[in-house]
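Written below as structure tokens is the structure these notes are about.
Here the structure is a predicted model, which means the values were calculated and not measured. Excluded from the calculations below are hydrogen atoms, water molecules and symmetry mates; all remaining heavy atoms, backbone and side chain alike, are included. Whatever order the structure lists ligands and atoms in, that order sets their numbers, starting from 1.
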Amino acid sequence: MKKILVTGGTGFIGSHTVVSLIERGYHPVIIDNLDNSCRTVLDRVERICKVRPTFIEADVRDASALDAIFSEHDFECVIHFSGLKAVGESVEKPMRYYSNNVEGSIALLKAMRKHECWKLVFSSSSTVYGDPEQVPITESAKLSVTNPYGQTKLMVENILRDLSHADQRWKFTLLRYFNPVGAHESGLIGEDPNGIPNNLMPYIAQVAVGRLESLRVWGNDYDTPDGTGVRDYIHVVDLAEAHINALEHFKPSHGCRAYNIGTGEGYSVLDMVKAFEQASGQRVPYSIEARRAGDVATSYADAGLSAKEIGWAAQRGLAEIMRDQWNWQHNNPNGYTEQ
Ligand code: WQD
């Protein structure tokens, strides 16, 4: 069974990818410092897959921990999720982001090189496109970042690009996620943000389940059909599957290749509120507030290259997203912490 190292594998996207890896016959080995996740996730993955993934509690910046893991396991490939991802927090605490996201990636690459493991699937983000000049966004669109979080993603992309130019043995696939949402259909794993959610979908779900009073809609004066922000919301299970497609599609002269992971459809904030109310049968009261600094009006993917080169396209639409988001939140009103 091919072993895959999954950094950040107890996180939201990481845990869903671990489930998909097991289901597609791989042996995932998770390294996670549990900074933004918990061990309960491992119990839930075991309940879904009837297999408990190998787990090492360690920080990806810990060179000796990485050395020990690579000495014990012969990995086919690494999927690198671990990192911090809150845009607002990155503005307040940039050094935390550069240390976790950039230093962590460099430490991982050094360990990979020492142990001659040359394939990496990297968790990048549509944030690297900044405010797009046109939509849908293609992989050749201009890259421009407006916050430290986005900067760390772009810096690691550039490091991987330079490494692959310097040494042909490296093979890198950068997956630029649009907006990950939803949950596994079992309702056993899902997004469990620390504190008040920054992102739209967990916030809506927490209003519906009664944890939060009302949704604040950040601006309704954008140049969009209903004035609210438009985004490309990708079901987290579709996103998980994209990682397995990526690791199965490394080419002989691969180098460093970037792919958009989105549906190619854009939905507004009010579209999402309406769809969630329909799916959950719950009301989601909201108020219109001022725009949030750094937000763009519209962002959605051209996912044609992913379909062509890694044989991946989103299978799940708005109805599945809302059904699964509500199923997770309804079954876990306080996330994992209530266990
Ligand atoms: C979506 C829309 C908001 C919350 C960010 C990161 C990106 C990725 C996904 C990591 C926007 C509106 C939101 C709320 C609202 N993360 N909104 N009220 O900003 O598109 O992307 O998360 O990779 O890198 O930048 O996602 O969910 O925060 O916002 O009105 O309480 O919902 O204005 O239009 P975003 P989001």
Side-chain angles (χ1 to χ4, degrees), residues 8 11-14 16 36 80-91 97 100-101 122-132 135 137 143-154 156-157 174-182 191 193-208 211-236 239 242 260-263 265-276 284-301 318 321 325:
F12 173 40
I13 303 164
H16 285 81
N36 199 13
H80 181 32
F81 291 107
S82 63
L84 302 174
K85 61 167 189 172
V87 171
E89 186 190 52
S90 78
V91 175
Y97 277 70
N100 274 276
N101 297 5
F122 175 59
S123 166
S124 191
S125 168
S126 60
T127 296
V128 300
Y129 295 118
D131 192 352
V135 285
I137 304 172
L143 303 181
S144 80
V145 288
T146 56
N147 57 70
Y149 162 73
Q151 187 66 260
T152 66
K153 289 299 181 185
L154 187 53
V156 176
E157 284 203 3
L174 321 175
L175 298 185
R176 292 174 179 163
Y177 309 158
F178 278 71
N179 289 55
V181 290
E191 187 172 13
N194 284 336
I196 306 289
N198 297 298
N199 293 138
L200 178 66
M201 278 314 300
Y203 202 107
I204 286 178
Q206 290 190 19
V207 169
R211 254 173 92 177
L212 295 169
E213 282 290 305
S214 162
L215 171 70
R216 293 160 303 175
V217 175
W218 301 130
N220 68 344
D221 58 351
Y222 286 103
D223 181 14
T224 62
D226 64 17
T228 64
V230 170
R231 296 290 184 277
D232 184 333
Y233 295 95
I234 174 82
H235 194 293
V236 65
L239 178 54
N260 288 337
I261 303 300
T263 64
E265 293 281 327
Y267 289 103
S268 76
V269 175
L270 296 184
D271 290 334
M272 300 299 274
V273 169
K274 220 170 288 151
F276 192 88
V284 177
Y286 64 85
S287 59
I288 303 293
E289 308 292 337
R291 292 183 178 188
R292 180 172 65 177
D295 271 358
V296 301
T298 301
S299 168
Y300 58 89
L318 216 49
I321 286 171
Q325 186 93 39

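Just one of V91, L84, N101 meets the side chain to side chain contact (heavy atoms under 4.5 Å, CB included) condition when paired with Y149; it is N101.
Looking only at distances, no side-chain donor or acceptor of N199 sits under 3.5 Å from a matching main-chain atom of M201. Of the possible polar contacts, one joining the R231 side chain to the A297 backbone as a donor-acceptor pair under 3.5 Å is found. Side chain of N260 to main chain of I137: a donor-acceptor pair is present (N/O by atom type, distance under 3.5 Å, no hydrogens or angles). Looking only at distances, no side-chain donor or acceptor of R176 sits under 3.5 Å from a matching main-chain atom of A301.
Residue Y222 places every heavy atom at 4.0 Å or more from ligand 1. By the 4.0 Å heavy-atom criterion, F12 is excluded from the residues contacting ligand 1.
Near R292, meaning under 4.0 Å from one of its heavy atoms, ligand 1 places the atoms 3 (C), 19 (O), 28 (O), 29 (O), 36 (P). Proximity to S125 (heavy-atom distance under 4.0 Å) selects the following atoms of ligand 1: 23 (O), 24 (O). Listed by number with element, the atoms of ligand 1 under 4.0 angstrom from any heavy atom of V87 are 6 (C), 25 (O). Of all atoms in ligand 1, numbered sequentially from 1 with element shown, those under 4.0 Å from a heavy atom of N198 are 4 (C), 28 (O). Near V217, with a cut-off below 4.0 Å to any heavy atom, the atoms of ligand 1 are 30 (O).
Shortest contact from atom 18 (N) of ligand 1 to any protein heavy atom: R216 O, 2.8 Å. Remark: minimum distance from atom 23 (O) of ligand 1 to any protein heavy atom is reached at Y149 OH, 2.6 Å. Of the protein's heavy atoms, G229 CA, 3.5 Å lies nearest to atom 34 (O) of ligand 1. The closest protein non-hydrogen atom to atom 1 (C) of ligand 1 is Y233 OH, 3.5 Å. Here the heavy atom of the protein found nearest to atom 30 (O) of ligand 1 is W218 N, 2.9 Å. From the protein, the heavy atom lying nearest to atom 24 (O) of ligand 1 is T127 OG1, 2.4 Å. For atom 35 (P) of ligand 1, the closest heavy atom belonging to the protein is N179 ND2, 3.5 Å. Looking from atom 11 (C) of ligand 1 to the surrounding protein, the closest heavy atom is R231 NH2, 3.8 Å.
At a 3.5 angstrom cut-off on N or O pairs, K85 does not count as close to ligand 1. Considering both main-chain and side-chain atoms, L200 comes within under 3.5 Å of ligand 1 through a nitrogen or oxygen pair.
Note that the CH2 atom of W218 and the CG atom of D295 stand 9.5 Å from one another [nearest 0.5 Å]. For the atom pair CG of L174 and CZ of F122, the computed distance is 7.5 Å after rounding to the nearest 0.5 Å. Rounding to the nearest 0.5 Å places OG of S126 at 5.5 Å from CG of N179.
Of the listed residues (T298, V269, V273, I288), the one carrying the non-hydrogen atom nearest atom 12 (C) of ligand 1 is V269.
Side-chain contact annotation: N194 with N36, donor-acceptor N/O pair under 3.5 Å present. For the residue pair Y97/E89, the side-chain donor-acceptor check at 3.5 Å is satisfied.
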For this session: Apply the test side chain to side chain donor-acceptor pair (under 3.5 Å) to residues Y233 and T263: give CA-CA distance (whole Å), side-chain angles for both, the deciding distance (0.1 Å), then the verdict.
Result: CA-CA 7 Å; Y233 295 95; T263 64; over 6 Å; no
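The shortest distance between side-chain heavy atoms of L239 and H16 does not fall below 4.5 Å.
Proximity of N199 to ligand 1, defined as any heavy-atom pair under 4.0 Å, is shared by backbone and side chain alike.
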